Amino acid sequence: MLFRESAASLATRTHVEGRLARLLTENFLHQHRHRPQPAEVNAWERSIPALINVLVEAGLGEIEMLLEYGLPLTSKRADVILAGEHPATGEPSYVVVELKQWSEAHPDAEDPLLCRIDSWDRPILNPIEQVRGYCEYLVSFNGALERSPESVVGIAYLHNAPESKVSGLRLVTEDDRGRMFTSDQRGALLGYLRSRLAAKPGAEAADALLQAKIRPSKQLMAVAAAEVRDREQFVLLDEQRTAYETVMAAVRRSRRANHKEVVVVTGGPGSGKSVIALSLLGDLYRRGVPALHATGSQSFTKTMRKIAGARKPEVQRLFRYFNSFMEAEPNDLDVLICDEAHRLRKTSANRYTKATLRTGRPQIAELIAAAQVPVFLLDQHQVVRPGEMGTELQIREAAAALGLTCTVVELDSQFRCGGSDAYLRWVVDLLGLDGRSPTSWEPDGKVRLLTVDTPQQLEDFLVAQREQGYGARISAGYCWKWTTKITSSMNALPTDVVIGDWARPWNLYGDRALLGAPPAPLWATAPEGFGQVGCVYTAQGFEYDWSGVIIGPDLVWRTDRWVVDRTASKDPSFTKATSDDDVDRLVRNTYKVLLTRGMIGTVVYSTDPETRRKLRSLIPPAP
């Protein structure tokens, strides 16, 4: 949240002092460590005063306004939440407000849940549906609302738009969670606000909302089975919902007119790509639309087969690999959902491929050909292995070569690491992935970050978190040889990861559970996985409450820069043919993946003394 005050006090700041936008900009810079976009500042200068004027005119100057309220465990923000008492019950009452400066908007021709405005070349989520999603998400995660979900309503206020210019947006059903008011409905808006908020101070209601316990996020694998087999488990917000509706509109077009098109969804760690993929698969599965989910990750696919498809073979068969479509009939599927598409490879052929199938056909072309609507979800900064090549540009070029339309949806929010954009930027800066230098971590209240001096301290901290009911995993750079031949005749797993007198095994190799350890694909999700150290190939695509990360000798800080030592890496995918530049990029990407798995917090340890000193200089000690 950027600022909180009563409507009357904010009216004074706006009309007398004229510094509300400057105050919000200062707070934004402090919280997010970069300046807000000019369009956002412009919205603060124009839209918030419009709402303040309505509240004052309605006699609601004492209600509390929470500006740019951060939704729990995500980087998404509601423009304003109004907090006060309900006039009939005296109980806390909240109005979530989405403010739009639009003067005109029209529903998308294919899907009224999306709309189009002149200043944006792509469809965006209808504001009625947008604010409804915020309300549902808030009720799902804020403990103060658990027993009184009816206390939350939502409105979209299009204060510059006359009804005649936006009436088409009302094709979306309105209810208390999603309702729209336009510039010529001022009287109706005044009446509605008075029906939800009493002319009394709202400070106590605001306190209750802000101080409530945040319930843990629904981690992906914990609800995968219900998502695919039963009903929707996730609330998709803004661009997530736009991506979902974009795909579903393409499906409708393909079924109506034998139309083929490509959809690409891009986003960083935790932006919800796999949640979108499962939501699509679950909905299509329940509707009987032929669709499959594919990845290049053995761990992710096998985990989904086990969890979502437990004792249900037809669900297990929904989850495939990218190289499963070499012999697929063209357009045999309605939809092919390619999750983690940054792991696409040049071709699907490997050493086991029959000679007749070694045609050199690009894997992207195979996947596009397999379905009427191929969907690619990717983050090209998560490429960690030589030969992985899935990028937005490559997919767009492949679609263009076939004369196909390619629609791209960008996800600009994230739900991992407590929804902390600041933390993700800190990680990118730490590793120099965008050419910037490491900066000191400034705690933002969303995610915790600690550094320790020994691996035992790291493990002890995580054990303590597990005793409090949290999940935790330890992962490391691929800097120790991995014993792959393990049998049940052994007394214990071999302790490959040795740092001084601390030694632990890598996660189990292969698909069988042995000696109390889960198979490699289930390391990140099975409770028994805590006893072993995971690598990037078993951690990528997953999340857990607490993440312990061991930075090995392949990445060390020397004086004023990072040095990647390829000789310290034991990753068998690095060969003599892998250039030094590629190794440098892939090692840094590896640590970005490992450092962005934690939902609640991350603990970092380096095997190198100088690197530990650098981390201590950047990460403040725990209070």
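Please read these numbers as outputs of a predicted model, since none were measured by experiment. Numbering starts at 1 and runs along the sequence shown.
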Item to complete: Could you please spell out the steps behind the side-chain hydrogen bond (donor to acceptor under 3.5 Å, both in side chains) verdict for T182 and E163?
Response: CA-CA 6 Å; T182 57; E163 179 68 20; 3.2 Å; yes
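- In the model, N160 has no side-chain atom that pairs as donor or acceptor with a side-chain atom of S103 under 3.5 Å.
- Within 6.0 Å of the CZ atom in R255, the count of heavy atoms belonging to other residues, nucleotides or ligands exceeds 12.
- The main-chain N or O of A203 is found under 3.5 Å from a side-chain atom of R4 such that the two form a donor-acceptor pair.
- Of all non-hydrogen atoms in L411 and G272, the two that sit nearest each other are CD1-C, 4.4 Å.
- A side-chain donor-acceptor contact under 3.5 Å links D79 to the backbone of L99.
- Using a cut-off of 4.0 Å between Lys/Arg side-chain N and Asp/Glu carboxylate O, R177 and E129 are scored as not salt-bridged.
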Practice prompt. Would you check, one step at a time, whether the test salt bridge (charged side-chain N to carboxylate O under 4.0 Å, His left out) holds for R425 with D429?
Written response: CA-CA 6 Å; R425 276 190 297 274; D429 290 349; over 6 Å; no
Discussion item. Is there a side chain to side chain contact (heavy atoms under 4.5 Å, CB included) between D111 and R252? Walk through the geometry before answering.
Written reply: CA-CA 10 Å; D111 188 349; R252 288 192 294 273; 3.4 Å; yes
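- Not counting sequence neighbours, the partners of R343 by the salt bridge (Lys or Arg N to Asp or Glu O under 4.0 Å) test are E388.
- No donor-acceptor distance shorter than 3.5 angstrom exists from the side chain of S254 to the backbone of K260, with no hydrogens or angles considered.
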Discussion item. Show, in sequence, the C-alpha distance, side-chain angles and deciding distance for E245 and R241, and conclude whether the salt bridge (charged side-chain N to carboxylate O under 4.0 Å, His left out) test is met.
Written reply: CA-CA 6 Å; E245 296 297 342; R241 186 64 183 271; 2.9 Å; yes
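- Side-chain contact, H159 with S47: a donor N or O sits under 3.5 Å from an acceptor N or O.
- Contact check on E239 versus K76 returns a salt bridge, with a Lys/Arg side-chain nitrogen under 4.0 Å from an Asp/Glu carboxylate oxygen.
- For the pair L344/L367, a side-chain contact is recorded, criterion being any heavy-atom separation below 4.5 Å from C-beta on.
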Worksheet entry | Derivation of the side chain to side chain contact (heavy atoms under 4.5 Å, CB included) call for L280 and Y244 | CA-CA 7 Å; L280 286 167; Y244 173 91; 3.5 Å; yes
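- Here the side chain of R597 pairs a donor or acceptor atom with the backbone of F542 at under 3.5 angstrom.
- The backbone N or O of A58 sits less than 3.5 Å from a side-chain atom of R194, completing a donor-acceptor pair.
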Discussion item. Between L66 and Y94, is the side chain to side chain contact (heavy atoms under 4.5 Å, CB included) condition met? List the steps.
Written reply: CA-CA 10 Å; L66 312 181; Y94 306 97; over 6 Å; no
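- By the 30° and 60° cut-offs, the orientation of the rings of Y137 relative to F141 is tilted.
- Without hydrogens or angle criteria, N589 side chain to V383 main chain gives a donor-acceptor distance under 3.5 Å.
- Put simply, the side chain of D283 reaches to within 4.5 Å of the side chain of M248, judged on heavy atoms.
- Between the side chains of E68 and W44, at least one donor-acceptor pair of N or O atoms lies under 3.5 Å.
- Here the side chain of Q372 pairs no donor or acceptor atom with the backbone of E261 at under 3.5 angstrom.
- For the residue pair S6 and S9, a side-chain donor N or O sits within less than 3.5 Å of a side-chain acceptor on the partner.
- At least one donor-acceptor pair closer than 3.5 Å links the side chain of N142 to the backbone N or O of L209.
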Practice prompt. Using the side-chain hydrogen bond (donor to acceptor under 3.5 Å, both in side chains) rule, take H86 and S151 through it: C-alpha gap first, then chi angles, then the decisive distance, then the call.
Written response: CA-CA 8 Å; H86 194 283; S151 65; over 6 Å; no
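- A donor-acceptor contact shorter than 3.5 Å is absent between the side chain of N126 and the backbone of C115.
- The closest donor-acceptor contact from the side chain of Q240 to the backbone of L237 lies under 3.5 Å.
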Worksheet item: Should I276 and D339 be marked as a side chain to side chain contact (heavy atoms under 4.5 Å, CB included) after you check the CA-CA gap, both sets of side-chain angles, and the distance that decides it?
Response: CA-CA 9 Å; I276 294 167; D339 201 358; over 6 Å; no
